[in-house]
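Structure record follows, encoded as structure tokens.
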Amino acid sequence: MHDEAMLDGNSRLNLATFVGTWMDGFASKIYAESADKNMVDKDEYPQTAAIETRCWKMLAGLWHAPDREKAIGTSTIGSSEACMLAGLALKRRWQLARKAEGKPADKPNLILSSAVQVCWEKFCHYWDVEARYVPISLEHKVLDGHDLDAYVDENTIGVVAIMGVTYTGMYEPVEKIAQALDAIQQSTGLNIPIHVDGASGGMIAPFLQPDLIWDFRLARVASISTSAHKYGLVYPGLGWVIWRTEDDLPKELVFDVTYLGGHMPSFALNFSRPGAQVLLQYYLFLRLGFDGYYRVQKASQDVAVYLASEIGRMPAFELWNDGTDIPVFAWQLRKGHTDKWNLYHLSERLRLKGWLIPAYPMPDDLTDVVVQRIVVRNGLSRNLAESLVIDIAEAAAYLDALEAPMPTEGQVSAFTH
């Protein structure tokens, strides 16, 4: 088993994934001691259940819920499940409102950026919701409320705003989206809620951009999800989803189940799942506190900004963004720089040094634009970043010195959500 596992890559050099790859020794001890805990069995593990509640209430406070005692939340196996649950709540709220008005409720739609994470595509396919994609462009690099009135109608169950687009790491301006929906409501009467997919930014913005208005401070935000195993700093898999109030989570979606002699409410796609990660999240909340999370996230952002500035200075590249939202940024090959190589070749060249840095096309309407992306996570030090800059410069110089173009047959996207 050791020999097999040894063939995997070095996770510290994997700059494609958002998923956490490091925790301290105390966390490893907690993990080993709690690997047997089943999160769903609240009768057997009441303290773990109580800790779960403490965690989501802390997050409700962090995200400025009007009254965190009246909010409702749950842990999930990851942010994808959290998004699924949030989407189901939006759909059911819309259906109940339509039926109460005696109107048909068989054609729901959801407004999404074309750069949305794949879990939302799955949600729409799995639960028969029409996905209406607002295409990003060079003028509108994220969903920003532009032309939103052309996409919404009486069948719209909600709009998804992303705090940290997976393609580039950029924030979508939730406040501007809310203002656009306010204007739509004023002219049409349609009251459309927002779900904030904070898979990454939900654990960055409160610490690094505290004045940015994106969360429950906006009355139109009905729910927020995040991935604890991304910038929540926990090993996979754990996510969180929180609703502004209990009324935002339809009671029809919460089941009272009898399990191993106890009664418990259940709102999840998964049933039995690990409880250890919930304890790891609570451990980090206690150990780091607000100031500790700020220092960890600021260190990652500082490294991202450093890398972006160094790469942006190289003649071969043009930055898409600079890492000042979440610690993620992307760049493209400068137009006219070379006809001998592309970013897929650079990605392959860097893999020789152990670095995993994906190259991939942007989504619909921008598929002719290929970018590379770096995700800076806790564990990518400034020292490692300096080594990476040298390796990128050397790889680009090697490719620039080629006397003939590199072959392009068989190249495939290495994009990893």
Side-chain angles (χ1 to χ4, degrees), residues 1-36 77-81 117-119 122 166-167 169 199-200 227-239 270 273-274 276-277 280 300 303-304 307 311 327-330 341-361 370-396 398-399 406-417:
M1 290 303 300
H2 282 291
D3 289 348
E4 292 276 358
M6 186 175 61
L7 297 176
D8 284 334
N10 184 336
S11 61
R12 294 276 296 281
L13 302 183
N14 182 357
L15 306 186
T17 182
F18 286 80
V19 176
T21 54
W22 181 87
M23 293 189 77
D24 65 34
F26 293 108
S28 298
K29 191 170 188 295
I30 292 170
Y31 205 169
E33 291 173 353
S34 56
D36 62 329
I77 205 68
S79 59
S80 293
E81 184 192 5
Q117 213 268 357
V118 69
C119 73
K122 291 182 179 179
T166 54
Y167 282 85
S200 296
S227 178
H229 58 240
K230 292 178 182 172
Y231 288 106
L233 308 180
V234 177
Y235 284 138
L238 180 66
N270 296 286
R273 55 188 173 85
Q277 282 85 347
L280 291 177
S300 294
V303 169
L307 282 170
I311 292 170
V328 175
F329 67 97
W341 59 276
N342 57 39
L343 292 182
Y344 296 106
H345 298 127
L346 178 62
S347 180
E348 293 167 359
R349 189 76 191 167
L350 292 172
R351 190 178 282 263
L352 297 175
K353 294 290 187 77
W355 300 106
L356 273 66
I357 303 177
Y360 49 84
V370 174
V371 299
Q372 274 190 288
R373 183 197 67 199
I374 284 179
V375 179
V376 178
R377 304 184 311 281
N378 186 25
L380 180 64
S381 65
R382 173 64 179 255
N383 185 57
L384 276 175
E386 290 171 355
S387 297
L388 174 58
V389 168
I390 293 171
D391 288 342
I392 291 175
E394 289 180 347
Y398 171 87
L399 292 167
M406 290 281 285
T408 59
E409 292 80 5
Q411 286 187 334
V412 295
S413 169
F415 179 59
T416 302
H417 276 284

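Along the sequence shown, residues are numbered consecutively beginning with 1. All figures in this text were calculated on a predicted structure; none of them were measured in a lab.
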Distance check, rounded to the nearest 0.5 Å: [X] atom [atom1] versus [Y] atom [atom2]?
{"X": "Ser347", "Y": "Leu343", "atom1": "OG", "atom2": "CG", "value": "8.5 Å"}
{"X": "Ile392", "Y": "Ser387", "atom1": "CD1", "atom2": "OG", "value": "11.0 Å"}
{"X": "Ser80", "Y": "Gln117", "atom1": "OG", "atom2": "CD", "value": "5.0 Å"}
{"X": "Asp391", "Y": "Trp355", "atom1": "CG", "atom2": "CH2", "value": "6.5 Å"}
{"X": "Met1", "Y": "Glu4", "atom1": "CE", "atom2": "CD", "value": "7.0 Å"}
{"X": "Ile357", "Y": "Leu350", "atom1": "CD1", "atom2": "CG", "value": "5.0 Å"}

Looking at [Y], is its backbone amide N or carbonyl O close enough to the side chain of [X] to form a donor-acceptor pair, meaning the two atoms are under 3.5 Å apart?
{"X": "Asn342", "Y": "His345", "value": "yes"}
{"X": "Arg373", "Y": "Val328", "value": "no"}
{"X": "Gln372", "Y": "Ala330", "value": "no"}
{"X": "Asp24", "Y": "Ala27", "value": "yes"}
{"X": "His229", "Y": "Val234", "value": "no"}

Over all heavy atoms of both residues, which pair between [X] and [Y] is shortest? Give the atoms and the distance, please.
{"X": "Trp341", "Y": "Ala396", "value": "CZ2-O, 4.3 Å"}
{"X": "Tyr235", "Y": "Thr21", "value": "CE2-C, 4.0 Å"}
{"X": "Ser381", "Y": "Val303", "value": "C-CG2, 4.2 Å"}

Taking C-beta and beyond as the side chain, do [X] and [Y] meet within less than 4.5 Å on heavy atoms?
{"X": "Ile77", "Y": "Pro274", "result": "yes"}
{"X": "Trp22", "Y": "Leu380", "result": "no"}
{"X": "Lys29", "Y": "Glu33", "result": "yes"}

Could you walk me through whether Arg349 and Glu394 pass the salt bridge (Lys or Arg N to Asp or Glu O under 4.0 Å) test, one step at a time? CA-CA 10 Å; Arg349 189 76 191 167; Glu394 289 180 347; over 6 Å; no
Side chain to side chain contact (heavy atoms under 4.5 Å, CB included) between Asn14 and Val375, intermediate numbers included: CA-CA 9 Å; Asn14 182 357; Val375 179; over 6 Å; no
May I ask you to check if Arg377 and Phe18 form a cation-pi contact, with NZ or CZ under 6.0 angstrom from the six-membered ring centre and within 45° of the axis?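 No, Arg377 does not sit over the ring of Phe18.
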So that I know where these two stand, are Tyr360 and Tyr167 an aromatic pair - ring centroids less than 6.0 Å apart? yes
Side chain to side chain contact (heavy atoms under 4.5 Å, CB included) between Leu346 and Leu399, intermediate numbers included: CA-CA 8 Å; Leu346 178 62; Leu399 292 167; 4.2 Å; yes
Residue pair Leu307, Leu388: steps toward the side chain to side chain contact (heavy atoms under 4.5 Å, CB included) verdict: CA-CA 8 Å; Leu307 282 170; Leu388 174 58; 4.0 Å; yes
